[in-house]
Amino acid sequence: MSALGHVGAGAGTAAPVELSKPRRKWLPYLLLLPGGLWLILFFAVPCVQLLATSLYDPSGSLEDGYVMTWHVANYSDTVSQYLPQFGRSIGYAALTTVFSLILGYPLAYAIALKSGRFKNILLICVIAPFFTSFLIRTLAWKVILSDNGTVVSVLNALHVPLPDGRLLATTPAVIAGLVYNFLPFMVLPLYASLEKLDPRLIEAAGDLYARPVARFTRVVLPLSMPGVVAGTLLTFIPAAGDYINAELLGTSRQYMIGNVIQSKFLKVTDYPAAAALSFTLMAAILVLVFVYVRRAGTDEVL
């Protein structure tokens, strides 16, 4: 009777399904297939087309068409002509990244380790700007920094010197807009890294008579470096290619390379020059990111 019961129990339990060795071999590739096809169709193919467009004959036009002449000089001509905009883009993006890190690290630290039951509310506050359009947020800054706005009035009352007596249409206005728009990209990776930090490690450092500065530099900062690297990359890369902030908060003196590319594609319709500028910017950012990650010593974050 017990034997029958054992057989019945065994029949009612589903046996684990084991995949054959060939199936186990191909399963990871099958899982990667949808994402791989997406990247090929919507990233690799457009990049190849962009590269081909950058080598068209610059004398062509949208009406008459372009001819593939492998005109490599498009790169040297455009880079030499718009080198100030390239430098401005890299400089603005670097300043944006630094300011975002200075503002975002304490915020992420407070949310991850000090906020208690208010953690979710503070995270919602960080993510809340994404609920509105990027363009609307930048237009709001245009109102905030206007000549008759509260910010300028307060600074004038405090006798703080302003460029030409105004904030709008200046470099600080463009950088302020970039920092505001890309600050969440810095805070969220930092929070994710700090949230995994074991508070007992900080307590142990205190028990070993480490001062607060030493606890931060020797324990907290090294353990949060993956978040720092990820946050700086997520901030620097889109900031370098941005053009909305310079368009709305600055003038032609603050234009970045993104403004030139946008104008070449949509207004001047000089596709070879626009494609050459785009590919050069992409290659320059890729080199900077590679050097930065190698110097930071956190290759695993990629």
Side-chain angles (χ1 to χ4, degrees), residues 39 41-97 133-139 141-142 169-171 173-182 185 233-290 292:
L39 289 175
L41 290 175
F42 299 106
F43 181 75
V45 172
C47 282
V48 172
Q49 181 59 45
L50 187 69
L51 178 62
T53 304
S54 69
L55 298 174
Y56 286 166
D57 185 358
S59 62
S61 64
L62 189 61
E63 293 78 14
D64 301 331
Y66 293 96
V67 179
M68 170 59 76
T69 59
W70 303 96
H71 196 80
V72 183
N74 284 334
Y75 286 89
S76 58
D77 294 342
T78 53
V79 171
S80 60
Q81 184 177 359
Y82 298 105
L83 191 59
Q85 285 82 357
F86 269 108
R88 198 174 295 134
S89 297
I90 301 300
Y92 285 3
L95 288 174
T96 300
T97 304
S133 167
F134 185 94
L135 182 61
I136 293 176
R137 299 200 306 267
T138 309
L139 288 171
W141 269 92
K142 188 172 183 179
T170 63
T171 298
V174 176
I175 295 176
L178 288 169
V179 171
Y180 168 76
N181 280 304
F182 295 112
F185 293 98
L233 292 179
L234 289 174
T235 303
F236 178 85
I237 293 173
D242 181 74
Y243 70 92
I244 294 295
N245 287 274
E247 181 77 27
L248 298 179
L249 303 178
T251 64
S252 58
R253 292 177 296 180
Q254 285 81 36
Y255 276 3
M256 302 163 66
I257 195 62
N259 298 94
V260 178
I261 294 173
Q262 185 264 350
S263 176
K264 291 285 186 182
F265 265 124
L266 301 181
K267 298 179 181 178
V268 185
T269 63
D270 187 354
Y271 288 174
L277 289 172
S278 301
F279 216 82
T280 302
L281 177 63
M282 189 163 45
I285 292 177
L286 185 63
V287 170
L288 290 174
V289 167
F290 178 79
Y292 171 69

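As the structure is a prediction and not an experimental result, all values here were calculated from the model. Just the heavy atoms: all of them, side chains too, but no hydrogens, waters or symmetry mates, feed the values below.
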Student: Give a yes or no on whether the backbone of Tyr255 and the side-chain of Arg88 come within a donor-acceptor separation of less than 3.5 Å.
Tutor: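 Checking the backbone N and O of Tyr255 against the side chain of Arg88, a donor-acceptor pair under 3.5 Å is found.
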Student: For Thr280, which residues count as a side chain to side chain donor-acceptor pair (under 3.5 Å) partner, sequence neighbours excluded?
Tutor: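 Thr280 satisfies side chain to side chain donor-acceptor pair (under 3.5 Å) with no other residue.
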Student: Output, in order, the C-alpha distance, side-chain angles, deciding distance and verdict of side chain to side chain contact (heavy atoms under 4.5 Å, CB included) for Phe182 and Asp242.
Tutor: CA-CA 10 Å; Phe182 295 112; Asp242 181 74; 4.3 Å; yes
Student: Determine the minimum heavy-atom distance between Leu248 and Thr138, stating which atoms define it.
Tutor: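 In this case the closest contact between Leu248 and Thr138 is CD1-CG2, 3.8 Å.
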Student: Taking all non-hydrogen atoms of both residues, which atom of Thr96 and which atom of Leu178 are closest, and how far apart?
Tutor: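 Closest approach of Thr96 to Leu178, heavy atoms only: OG1-CB, 3.3 Å.
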Student: Out of Val260, Ile257, Asn259, Ile285, which one pairs with Ser89 under the side chain to side chain contact (heavy atoms under 4.5 Å, CB included) rule?
Tutor: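 Answer after filtering Val260, Ile257, Asn259, Ile285: Ile257.
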Student: Kindly determine whether Val79 and Phe86 satisfy side chain to side chain contact (heavy atoms under 4.5 Å, CB included), including the steps that lead there.
Tutor: CA-CA 8 Å; Val79 171; Phe86 269 108; 4.3 Å; yes
Student: How close do Pro46 and Leu41 get, heavy atom to heavy atom, and via which atoms?
Tutor: CD-O, 3.4 Å
Student: Can you name the nearest heavy-atom pair linking Asp77 to Ser80, along with the distance?
Tutor: O-OG, 3.0 Å
Student: Below 3.5 Å, can you tabulate the donor-acceptor pairs from side chains in residues 262-276 to any protein atom, sequence neighbours excluded?
Tutor:
| unit_1 | atom_1 | unit_2 | atom_2 | d |
| --- | --- | --- | --- | --- |
| Lys264 | NZ | Tyr82 | OH | 3.0 |

Student: Measure the spacing between OH of Tyr180 and CG of Leu249 and express it to the nearest 0.5 Å.
Tutor: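 One finds 12.0 Å between OH of Tyr180 and CG of Leu249.
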Student: With a 3.5 Å distance limit and no angle check, can you tell me whether Asn74 reaches the backbone of Ser54 through a side-chain donor-acceptor pair?
Tutor: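 Yes.
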Student: Kindly assign one of parallel, tilted or perpendicular to the pair Tyr56 and Tyr66, based on the angle between their ring planes and the thresholds 30° and 60°.
Tutor: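 Rings of Tyr56 and Tyr66: parallel, as their planes differ by under 30°.
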Student: First locate atom OH of Tyr292, then atom CG of Leu233, and finally report the distance between them rounded to the nearest 0.5 Å.
Tutor: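 If I round to the nearest 0.5 Å, the distance is 6.0 Å.
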Student: On a heavy-atom basis, which atom in Gln254 and which in Ala169 lie closest, and how many Å separate them?
Tutor: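 Shortest heavy-atom separation between Gln254 and Ala169 comes out as OE1-O, 3.8 Å.
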Student: Looking just at side-chain N and O atoms, do Thr78 and Gln81 make a donor-acceptor pair shorter than 3.5 Å?
Tutor: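 Judged by distance alone, the side chains do not pair up.
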Student: Distance from Asp57 atom CG to Trp70 atom CH2, nearest 0.5 Å?
Tutor: 14.0 Å
Student: Can you sort out the partners of Tyr92 under side chain to side chain donor-acceptor pair (under 3.5 Å), two or more places apart, ordered by chain and number?
Tutor: Thr171
Student: Between Ala239 and Met256, what is the shortest heavy-atom contact and its length?
Tutor: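 Closest heavy-atom pair between Ala239 and Met256: O-CE, 3.2 Å.
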Student: Is Phe134 close to Asn245 at the side-chain level, that is, under 4.5 Å between some pair of heavy atoms?
Tutor: yes
Student: Are Gln85 and Leu277 side-chain neighbours, meaning at least one heavy-atom pair lies under 4.5 Å?
Tutor: no
Student: Output the distance between atom CG (Leu288) and atom CD1 (Ile90), rounded to the nearest 0.5 Å.
Tutor: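 If I round to the nearest 0.5 Å, the distance is 5.5 Å.
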